[in-house]
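I have placed the structure first, in the form of structure tokens, so that the comments after it can refer back to it.
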Amino acid sequence: MSALDADIQIQLESGFQLDVAFQGAAGETIAVLGPNGAGKTTLLHALAGLRPLDGGCITLDGMALDNVATGKFLPPEDRSVGFMFQDYLLFDHLTVRDNIAFGPRARGASKAAAGEEADRRLELVGLADRADARPHTLSGGEAQRVALARALAGSPRLLLLDEPLSALDATTRDYMRRDLRELLSAHDGPRILVTHDPLDAAVIADRVLVVEEGRTVQHGTIAQLAQRPATRYVADLVGVNLLRGIVSDGSIELPSGALLVSAEVSEGAIDGVVLAAIHPHAVSLHRQAPETSARNTWSGHVEAIEALGSRVRVRIGGAVSLVAEVTPSALDDLGIVAGIEVWCTVKATEVSVYPA
Amino acid sequence: MPVLLLIPAVFAIFFLVVPIIGLLGKVVWGDLFHDLTTPQARAAIALSLRCSLWATLLAVLFGVPLAWLLARVEFPGRALVRALALLPLILPPVVGGVALLSAFGRRGFIGEPLDAAFGIHFTFTATGVILAETFVALPFVVITVEAALRAMERRLEDAASTLGASRLTVLRRITFPAIAPALAGGVALAWARALGEFGATITFAGNIEGRTRTAPLAVYLLLDNQPQAAIALSLVMVAICIAVLTLLRGRWLVRQ
């Protein structure tokens with residue numbers, strides 16, 4: 001039996017509908033990935049009890065937290081749920097220690113016991129020396145760890161993290177990301193991590209739930225997502241070119257009229273409307289019309305060039321819009337700059353196709 | 001520096017400071033202690049302090065819940081209630097006194113049954129003074145606390161509830177500390193206003209020495225025959241108001 005069983009249906013006044021169902025095992029981290037406005041935060045609010053469900057139910061360790069059918073609703077203070085907010089929401093009129101002791105204290109621990117718990121939590125996140133500081137004097141990384149320690153104090157059964165790394169600068173984010181995975185492993189219930197950064201999901205989470213416009217569009221490991229992204233958002237996110245087209249005469253006709261050849265289609269195994277995924281590193285760039293065995297050749301113009309670690313992503317617009325990933329030296333050798341015309345080639349064997 | 005703005009601004013400062021300078025110039029400093037310790041002056045100051053502190057307390061006890069209602073609860077007619085809460089602020093105090101008299105006076109529709117049932121009456125009593133002062137002081141508490149409740153980050157209350165805090169605990173440990181500086185400001189303003197109350201008091205509670213003659217009433221009465229005593233009392237009130245302003249300024253500096 002799963003520790004967390006959630007079927008979340010919410011209807012916001014704006015007309016937005018959230019309808020997401022998933023399960024979480026004890027000790028498992030699930031990343032909820034999605035663009036802004038996808039309903040990720042609303043989902044966390046429903047789990048925490050800050051927003052009652054309009055349909056469905058949430059069960060944690062066999063106990064109903066919210067069940068529309070039976071009319072059961074536990075308010076947030078009666079749920080064993082830790083919530084780490086995006087902007088931390090630390091209490092500035094309390095010291096760091098009292099912030100962390102707040103939960104245990106509110107749940108009935110004695111002042112001494114709550115203080116001890118706070119000190120222990122501070123020790124775990126390496127901030128024992130900041131116990132008497134006021135939250136506004138903390139650095140971003142310190143505030144983040146205090147917020148996490150506060151959410152974990154009292155050992156809630158379910159841990160919710162809303163964009164826990166988004167308020168940090170890039171450098172801090174990199175090492176906090178690694179830290180976070182380790183700190184979370186100490187929590188033995190399910191953990192739900194909302195993020196829009198696939199790297200967070202890849203490093204911290206065991207599984208990913210992709211939510212767009214209130215619906216689950218895909219769900220699996222990051223590797224599975226990268227292999228077979230279900231939507232343009234997922235493809236963009238994990239960096240795969242995703243083209244929608246119709247199979248006709250052994251090739252795929254794209255909306256622009258361009259034809260895409262895929263080894264998988266030639267084999268005749270697939271029909272109808274399909275999604276073709278092309279990895280950016282499978283796209284070769286040329287300045288002149290190339291003589292090549294590659295079956296797919298299109299011209300386009302360079303729309304944007306962006307550095308991505310040791311690679312460069314070149315966005316090409318035209319009858320077939322693609323992202324190509326090349327090395328900086330290849331970019332130099334070819335003399336590629338924004339606005340110029342280039343030729344792209346993709347081998348038929350590099351185009352994977354699946355039904356849309 | 002736009003001179004066109006500077007000149008009227010300097011005039012404004014001049015206008016604010018000149019009356020105080022005039023008052024200080026009239027004070028007979030050698031007799032000040034004597035003037036403030038006459039039985040009449042002492043009675044007026046004691047009555048003023050007693051009534052204004054009670055009025056401030058009542059304004060807090062009733063004003064804070066009203067501010068909470070206005071800030072947090074959607075109900076039909078909320079805009080109207082908010083306007084009503086501000087009415088004593090803009091109503092001429094003497095009109096406020098007449099209105100209070102019509103309701104709570106001996107012949108008032110509340111005053112008459114209260115008098116008949118419990119023997120409580122307001123005219124010519126310190127209770128009447130407190131009522132009049134509460135009436136004019138209430139808006140200051142309501143305005144400042146409502147603004148603070150609206151301005152505060154409500155998600156802090158959400159955060160507290162996810163940490164297991166009941167609504168009462170949230171109120172006590174999160175909401176109240178968040179509005180405390182504003183409440184202190186509102187209390188200071190309400191107290192200063194109650195202390196200076198004149199129009200509603202004299203109209204509603206009367207002007208009986210030792211019972212309803214507060215310091216402002218005494219100043220007005222003394223001005224004809226004993227101007228020196230009137231000025232001494234005025235000085236006390238100026239000092240109190242400056243103290244209140246200093247307190248508020250300290251608050252604001254701390255918050256910035």
Side-chain angles (χ1 to χ4, degrees), chain A residues 13 41-42 44-51 65 74-95 98-109 111 114 117-118 121 134-136 146-147 149-162, chain B residues 60 64-65 67-69 71-76 78-79 141 144-188 247-256:
Chain A
E13 288 84 6
T41 297
T42 308
L44 288 191
H45 281 195
L47 290 168
L50 295 172
R51 175 78 175 72
L65 301 182
L74 275 184
E77 62 267 28
D78 295 336
R79 299 183 182 197
S80 183
V81 174
F83 200 137
M84 181 181 164
F85 293 84
Q86 183 172 6
D87 46 357
Y88 312 145
L89 292 175
L90 297 175
F91 307 136
D92 216 34
H93 64 287
L94 301 177
T95 62
D98 287 345
N99 262 274
I100 301 171
F102 187 96
R105 192 93 181 88
R107 293 204 154 94
K111 204 166 182 161
E117 164 81 353
R121 293 285 168 189
R134 288 297 167 111
H136 71 266
V146 171
R150 188 178 70 173
L152 284 168
S155 308
R157 292 301 309 142
L158 171 66
L159 185 63
L160 308 173
L161 305 117
D162 192 1
Chain B
V60 170
V64 172
W68 182 84
L69 193 73
R72 292 294 170 80
V73 184
E74 290 247 17
F75 60 92
R78 183 163 67 165
V141 174
T144 51
V145 174
E146 195 205 342
L149 281 171
R150 284 181 179 280
M152 87 168 271
E153 175 59 270
R154 285 203 62 184
R155 289 163 60 242
L156 287 171
E157 297 175 346
D158 286 347
S161 72
T162 67
L163 292 168
S166 65
R167 295 193 68 173
L168 199 67
T169 307
V170 172
L171 206 61
R172 190 170 55 82
R173 293 201 59 197
I174 304 299
T175 316
F176 187 74
I179 63 163
L183 178 62
V187 163
L247 181 85
L248 286 181
R249 183 123 187 82
R251 284 275 169 208
W252 288 332
L253 283 179
V254 167
R255 294 200 67 194
Q256 274 160 9

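Residue numbers begin at 1 in each chain, while the letters A, B, ... track the order of the sequences.
Two residues are said to be in side-chain contact when any heavy atoms from C-beta on lie closer than 4.5 Å; B/S161 and A/L50 meet this criterion. Contact of the A/H93 side chain with the B/I174 side chain is registered, since non-hydrogen atoms from C-beta on lie closer than 4.5 Å.
Only the side chain of A/R105 comes within contact range of chain B, judged by heavy atoms closer than 4.5 Å.
Note: A/F102 CZ to B/R173 CZ = 5.0 Å, rounded to the nearest 0.5 Å. Atom CG in A/L44 sits 11.0 Å away from atom OG1 in B/T162 (nearest 0.5 Å). Rounding to the nearest 0.5 Å gives a distance of 9.5 Å between CD of B/E157 and CZ of A/F91.
Of the listed residues (A/D87, A/L94, A/D92, A/L160), the greatest number of heavy-atom pairs within a distance under 4.5 Å of chain B belongs to A/D87. Interface check for chain B: of the options A/A106, A/A151, A/G82, the most heavy-atom pairs under 4.5 Å are formed by A/A106.
For CZ of B/R72, the number of neighbouring non-hydrogen atoms (other residues, nucleotides, ligands) closer than 6.0 Å is greater than 12.
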